[in-house]
Every structure is written in C-alpha cells, then in structure tokens.
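Values reported hereafter were calculated over all heavy atoms of this structure, with side chains retained and with hydrogens, waters and symmetry mates removed. Chain naming here is simple, since letters A, B, ... match the order of the sequence lines and numbering starts at 1 in each.
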2 protein chains.
Amino acid sequence: MKKIVPSRSKREDSLSRDKIVEASIALLDQHGDAGLTFRALAAELQTGPGALYWHMEGKADLVIAACDALMTQILASALATPQDTPEAELHAIAAGIYDAIDQRPWLASALTQSTGGMPVIRLFEAIGQRVSALGLPDGRQWQAASTLLHYILGVSAQNAAISVFAKQLKLDRQTSLEEAASVWAALDPRDFPFSAAIAGRLATHDDRQDFVDGVDLILAGLRATGGTAR
Amino acid sequence: MKKIVPSRSKREDSLSRDKIVEASIALLDQHGDAGLTFRALAAELQTGPGALYWHMEGKADLVIAACDALMTQILASALATPQDTPEAELHAIAAGIYDAIDQRPWLASALTQSTGGMPVIRLFEAIGQRVSALGLPDGRQWQAASTLLHYILGVSAQNAAISVFAKQLKLDRQTSLEEAASVWAALDPRDFPFSAAIAGRLATHDDRQDFVDGVDLILAGLRATGGTAR
DNA sequence: ACCTGAACACCGTTCAAGT
DNA sequence: ACCTGAACACCGTTCAAGT
C-alpha cells in the first residue's frame, strides 16, 4: 500500500530563491536590463507575481541576489588557478569582472544599484585580501582597495555601455568603436581639445589590455607613495 | 493706438528646455531619484505631460540635460579660482564633483545613466586637459584620464550611497557611518577578513581627504610608470 | 506554509484634438 | 508652433482568498 507523497513531487517544481535567481539571470541575459519584471519572471516560473514575494523582499533584493550569484561565480573562477603574486591575482580579478560585464552588460547597472550590498562587498573583500598581501602600510590599504574597486567597476561599466550601444546599432565592436570615435572627433576642438585629439585612440586601442594595465598603474602609485601613510 | 502683443506675454511663462531642466532639478532635490516623473514635472509647470515631449525627447534626455546643466556649473565653479599646477586643478575638480554628489545624491545615478553622454564627456575633457598639461607620454594620457574619471565618479557615488542610507535611517553622517561600520564588522571574519578588519576605519577616516589623496595616488602611479608608454 | 491572481497606485509615451 | 489631456501599455507591490 504505497502512498504517493504529493508534497514531494510538489516540492520538486516548487519555487525557491535559487530558482527565482536563476530565472532572473536568464531573463536579463535574453532581454537586458528591462527584461526583468515580476510579471515576466512569474510567467517563466509558471506562477503569479505575488508568489515571488514569498521568497524575495522586492525588486532590489532580486537584483542584488542575481548579482551576488554571479559575483561569487566570477571570483571563484578568476581565482581558481593559483597565481604567484598578489598583483597577478588582482589582474585575474580585474579581468574576470571586465569579461563578465562585457558578456552581460546588465551587470554594470545591477552592480551600481547594489552599491553597499553583498556583491560589491564580496569584490571589495577579494581585492582587499590581495592588497593586504602587498605589504602596504595600514593607512594605505583602505584607499588602495577602494581605488581599485571603483576603477574596475567604472571602466567595466563604461565598456559595457559601448557594447550596448554597438548592439543597438547592430554593429560589430570595431565598427561601433569607430562610430563612437567619430562622434568624439566631431566635438568642437575649441571646447573639447583633449577629447577630440584622443578620439583616434578610442578605435585603435586594446581596451582590455589598457584596463589591466590600469591596475598596475594604481599599484605603482601605491608603491611610489607607500612610505608615507597618512 | 498701442497694441498689446499677446504672444509676448504668453512667451513669458511658456515652456522652454531651460525651464523644464530647472524644474527637474528642483524636483530631484526635493524628492530624490524617484521624484522626477513626467506627471509631477507637468504639474509643477502647470501643463500636461504631453507638452514636455515638444521640448524633450524623453526621460533619458531629461536626466542627461539636468546632469549637464549641473556639470557645467560644477566645473565652472571648481575652476573659477586659478591654480598653480595641473595637479591642484585636478584636486579642485575632484573635490567639486565629490561635494556636488554629496549634496545631491541623485546625481550619482543620473550620471551613471548618462554614461557616454555630454555630462561625462565634459568631465572627461576637464580632467584630460589637466592630464595633458602634466607632460605624460602620449600613450599614458587616455589611461590617466579614464582612471581619474572612474575613480572620481565611483568614490563619489559610493559616498552618496552612504548619505542616502543615512537619510533613510534619519541618522546624522557620523552615526550612520558607525552603523555601516558595525555591519561590516559583523561579517564573518573567516570569509571577510579584510572587510571586517578595516571596518573600524570606515567610521573614523576623513572620506573627503582620503578621496582627494586618492587622486595623488593615481598621479604618483602615472609618474612612476611614466617612462614606459605602451 | 506556500501559492493565486485580481486590484491598487503608479509609470513613460503617444496622439488626436485644440489654440 | 505649441499645448492639452485622455488613452495605451506597461510597471512593482499588496492582499484576501485559496490549498
């Protein structure tokens, strides 16, 4: 007299925080920033929008949870292969974030929205651990970690904006960079001498390499001023 | 036989891009990010929401225009008193942005939304002009300007987030920093050794001074690696 | 305990119609 | 040329009611 336990089979496709986060990421990947709505999410999970509120506090919570899942993943895979130096590990972290945001441009605005939340703390921590391994004076460590954090998020976000712009115009990356460069070059050189002059570099430079080099620039600054902690 | 010209008196309180931008800023100052809606804006200007579309392309245009008006103003007043060195001018620019975002936290997200738009180009240009006066090799100038740009916007935005957080809890700045610090200190030190250890510094450090010092850190890095342009 | 889905209080944007 | 305001197609969130 076996008894089928309906609560079991029900649990299998019942909602859960993880399933909601997974579906959110899929929705964001498919339709970008605007693709994540409670109605679309509910439809995807074959439920009503109200059900989601049992598992999530609201939209902000949802966005942060999606970011956090990815941030954990990004950092884990960036640090999976061990590096010889803290500098090399910082390179790996920076490149990991850059590539992740390049692949999922919505991450840039999502991370911005979750300022102060767990995903950013996680990244800050990963950076900070390497910074503290550099042997800087205590007074510099906060500054070092936050400078690197903002540099990494800021440049990655800027890059994502170019990617989105490219997709909107259905251009490949190179063509859209040239497009952006020509907009800059068209600025009045009396008001925008620097931007107009440097426009050419936009189209020809290797963003990713420049980006990773920027990490070294900040590290060099730390070393150069390392003796004098304030 | 004088004739009253009705079109004149009508023009006086007719709509204009400038008036809309001015009202937008007022609305954002009063009610923050969520305060800017076409309906509220129309009510303020005693018109219908549709009328605004004669002067603005849409909400994105509106946000960028509001940012641009303030950015122009911020840069003008930051550079009003002449400085002896490009470094000092960069300090003034950085401090100007920091203070403006501290005063109007909504600027942080508004500037993020206008990535690639005129307000950010304006800031990039102002930074770039000082960077090019530093006499760095050509290959470093792009990197220098964009590193400074992202550092300035990123740290200012982070700071604004703390301000908003403080206002929500109706705490003064010091109390809320201590609040934030205690959240960090409560992180599991096995997973977050760096953040937990540095939490104390959150409440005691002088953010603004640290911020301006960070500009010097980046400049020092540029000088230290200045010989080798890639 | 967990889910449903109608309802509430909003949005940005459009557009026929006015002046 | 410029403005009006109703209408359209959405939002996030709540909550009585179900199982």
A:Asp33 CG to D:dC10 C1': how many Å, rounded? 17 Å

Please list, chain by chain and in numerical order, all residues satisfying side-chain hydrogen bond (donor to acceptor under 3.5 Å, both in side chains) with A:Asn159, sequence neighbours excluded. A:Tyr98, A:Asp102, A:Arg173

Helical stems, DNA chain C - three or more consecutive Watson-Crick or G-U wobble pairs below 3.5 Å: C:4-8 with D:12-16, C:12-16 with D:4-8

Which residues share a side chain to side chain contact (heavy atoms under 4.5 Å, CB included) with A:Asp99, sequence neighbours left out: A:Arg208

Report each atom pair, protein N/O against N/O of nucleotides 13-17 of chain C, whose distance is under 3.5 angstrom.
from, atom 1, to, atom 2, distance (Å)
C:dT13, OP2, B:Tyr53, OH, 2.8
C:dT13, OP2, B:Lys59, N, 2.9
C:dT13, O5', B:Tyr53, OH, 3.0

Integer angstrom distance from the P of C:dA9 to that of D:dA9: 22 Å

Please tell me if A:Trp54 has a side-chain N or O lying less than 4.0 Å from either OP1 or OP2 of C:dC3. no

With A:Asp61, which residues qualify under salt bridge (Lys or Arg N to Asp or Glu O under 4.0 Å), at least two apart? A:Arg17

Classify the nucleic acid contact of A:Leu52 as base, sugar-phosphate or nothing, counting any heavy atom under 4.0 Å across all strands shown. nothing

Could you list all the salt bridge (Lys or Arg N to Asp or Glu O under 4.0 Å) pairs where at least one residue sits in residues 43-53 of chain A, not counting sequence neighbours? none

Sequence neighbours excluded, the answer for side chain to side chain contact (heavy atoms under 4.5 Å, CB included) partners of B:Gln129 is A:Pro193, A:Phe194, B:Glu125

What is the nucleic acid contact for A:Leu41, judged by heavy atoms within less than 4.0 Å: base, sugar-phosphate only, or nothing? nothing

Pairs under 3.5 angstrom only: tabulate donor-acceptor contacts from the side chains of residues 103-110 of chain A to other protein residues two or more places apart or in another chain.
from, atom 1, to, atom 2, distance (Å)
A:Arg104, NH1, A:Asp29, OD1, 3.2
A:Arg104, NH1, A:Asp29, OD2, 2.4
A:Trp106, NE1, A:Asp29, OD1, 2.9
A:Ser109, OG, A:Asp33, OD1, 3.2
A:Ser109, OG, A:Asp33, OD2, 2.7
A:Ser109, OG, A:Trp106, O, 3.2

Enumerate the salt bridge (Lys or Arg N to Asp or Glu O under 4.0 Å) contacts for residues 183-195 of chain A, please, sequence neighbours excluded, ordered by first and then second residue. A:Asp188-A:Arg190

